[in-house]
There are 2 protein chains.
Amino acid sequence: MAYKMPCAGGIAERLSDIVHDESAWTEFIRSGRAKKVSLAEHENVYFEGDRADRIYEVADGAVMLYKLLPDGRRQVVEILSGGGLFGLQAGELHDCSAETLVASTLHAADRRDVEAANELQSHITRCLLEQLQILHDHTVLLGRKNAFERVATFLMRFVPLRGGAGCLGPGPDADDRVILLAMTRQEIADYLGLTIETVSRIFSEMRRRNLVAVERHDRMRICDVCGICRLTGTH
Amino acid sequence: MAYKMPCAGGIAERLSDIVHDESAWTEFIRSGRAKKVSLAEHENVYFEGDRADRIYEVADGAVMLYKLLPDGRRQVVEILSGGGLFGLQAGELHDCSAETLVASTLHAADRRDVEAANELQSHITRCLLEQLQILHDHTVLLGRKNAFERVATFLMRFVPLRGGAGCLGPGPDADDRVILLAMTRQEIADYLGLTIETVSRIFSEMRRRNLVAVERHDRMRICDVCGICRLTGTH
DNA sequence: CGCGCCCTTGACCAGACTCAATATTAGTGG
DNA sequence: CCACTAATATTGAGTCTGGTCAAGGGCGCG
């Protein structure tokens, strides 16, 4: 069943962010109430079910949040990079496990300290709202997009200023971009709700169509950003 | 590929919520700075792309947030009922459309009023964190569960105190429960990332297995709550 | 009673998964 | 620097779940 968009042009308007003051947060980090933690690639920060008494900010690197089903199926639910907040929970326990994708440094703060500091709330709210919006998009990806569209959408995430509401277009030169995935095929599959084989096949198909060139397993050249963008299902 | 849970018993611990003071929010609503809005079944509150200058609380009824792809595919990303907050955005525009599932009354407040009121922030943060946790679970459902597990999981949402971390078990009597879906098959399908036909087939299969009895299209008796629960893939 | 809407059921099809074999890559030690 | 190994990625063949298309059923409402 196909629905009709109420007003096609509605979303075209640039999603210009409302001014956001994060100085209170920067100050909090600097003040020494947050410890710096350095982690290697694929180290875990905490597991689902652990007590949630610290919250984290990605200072450098990238972290994934994932959940496991008892039979071993895994779903990566969020990927966080610089500035992303995680570990804050409504309840007492972590609802996800957290693991670094690459070597990372985190700022770890005590939950009570953060909750007590009123001046931090607006920054936290902002971060949560951004996460929520990303999760909404990801829900559409998982619920309604096919494998090709999922991978194309995934690739577009690595190209800032392109594909979104205020996309700048291809520019005068060749429309290519080199991106660093920093994720294994398995991690990509678990993020996109696919299997490793399907992800691999889609990449191969994209290569055959000259949409991308795989320079190394985790290093790809998107030869035709606009071409990929048209295959995301979103435009 | 199957992963192994790090510590199977970890999540068993009851997710008892940390004390949460929402008196400031109640006061805000009562103060008259939030208008009461009454809407009929299937009326829309706003569309994706509209300016987001009001935020809403579901006082009574239920609301769904959904997104459309340009070719007409729809994904319901959230379902909110009493106490649920929606319409708050990181940017200037709504990232989803909102529509009532049943006749509902909402509290509508001006975004600026809410953002200015520091005493409301902790309530908002709490609501966002709960939404985030539900979306994480939904991500697992969409990314990793099959049709049967999706429908079973969906049904369990209507049975409070059962199926979750602190499930009370079947109790002494027959393990049945009558639930009111308040959604059409199409809405259920769009929420679970399935088609209307698949949802219908799964309900029929469940009926055949005496797991449920369809008393009316939107009114079902779950004959065996524990039986359904075992089929969610989560336990 | 009849119309329209929603739901159910069936037959068929296709996209993604599974299992298995092979190819690459990265890492290790000689 | 190269050989060897382990881990990761690719490719192929076959299967199956869930989608598509089409027909029929049930229910509420005028």
Practice problem: Give the angle between the helix axes at the two ends of the helix from C:dC1-D:dG30 to C:dG30-D:dC1, taking five base pairs at each end and rounding to 10°. | Solution: 40°
Quiz item: Taking the six-membered ring for Trp, are A:Y191 and A:F154 parallel (under 30°), tilted (30 to 60°) or perpendicular (over 60°)?
Solution: perpendicular
Practice problem: Supply the atom-to-atom distance A:L142 CG to B:K145 NZ, rounded to the nearest 0.5 angstrom. | Solution: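 The distance works out to 13.5 Å.
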Quiz item: Looking at residues 178-192 of chain A, who's got a heavy atom less than 4.0 Å off DNA chain C?
Solution: none
Quiz item: Between B:R73 and B:D190, is there a salt bridge with N-O shorter than 4.0 Å?
Solution: no
Self-check item: Beyond-backbone contact of A:R207 with A:S204, side-chain heavy atoms, under 4.5 angstrom
Solution: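 Yes; the side chains approach each other to less than 4.5 Å.
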Quiz item: Which parts of residues 212-221 of chain A get close to DNA chain C, meaning a heavy atom less than 4.0 angstrom away?
Solution: A:R216, A:H217
Exercise. Considering non-hydrogen atoms only, spot the tightest contact between A:M5 and B:L68 and give its length.
Key: CE-O, 3.5 Å
Practice problem: Look at the side chain of B:D175 and the backbone N and O of B:C226, then say whether any donor-acceptor pair between them is shorter than 3.5 Å. | Solution: yes
Quiz prompt | Nearest-0.5 Å distance, CG of residue B:L155 to CG of residue B:L211 | solution = 9.5 Å
Quiz prompt | Terminal contacting nucleotides, 5' and 3', DNA chain C versus chain A (heavy atom, 4.0 Å) | solution = C:dA16 to C:dA26
Exercise. Check for a donor-acceptor pair, side chain of B:R74 on one end and backbone N or O of B:L69 on the other, with a separation under 3.5 Å.
Key: no
Self-check item: B:V77 backbone acceptor or donor facing A:T139 side chain under 3.5 Å
Solution: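 No, because the side chain of A:T139 does not come within donor-acceptor range (under 3.5 Å) of the backbone of B:V77.
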Practice problem: Looking only at non-hydrogen atoms, find the nearest pair between A:T105 and A:S38 and report the distance. | Solution: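 Closest approach of A:T105 to A:S38, heavy atoms only: CG2-OG, 3.4 Å.
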Practice problem: Would you give a per-nucleotide map of nucleotides 14-22 of chain D, 5' to 3', where B means the base has a protein non-hydrogen atom under 4.0 Å away, S means only the sugar-phosphate does, and - means neither? | Solution: ----SSBB-
Quiz item: B:E215: what forms a salt bridge (charged side-chain N to carboxylate O under 4.0 Å, His left out) with it, not counting sequence neighbours?
Solution: B:R219, B:R221
Quiz item: Are any side-chain N or O atoms of B:T153 and backbone N or O atoms of B:E149, one a donor and one an acceptor, separated by less than 3.5 Å?
Solution: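 Yes; at least one donor-acceptor contact below 3.5 Å.
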Quiz prompt | Under 3.5 Å: donor-acceptor pair, side chain of B:T198, backbone of B:L194 | solution = no
Quiz item: Do B:I222 and B:D176 come close enough that some side-chain heavy atom pair is under 4.5 Å?
Solution: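 No, every pair of side-chain atoms sits at 4.5 Å or beyond.
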Practice problem: Please determine, by modelled atom types, if B:E48 and A:H136 share a side-chain donor-acceptor pair under 3.5 angstrom. | Solution: no
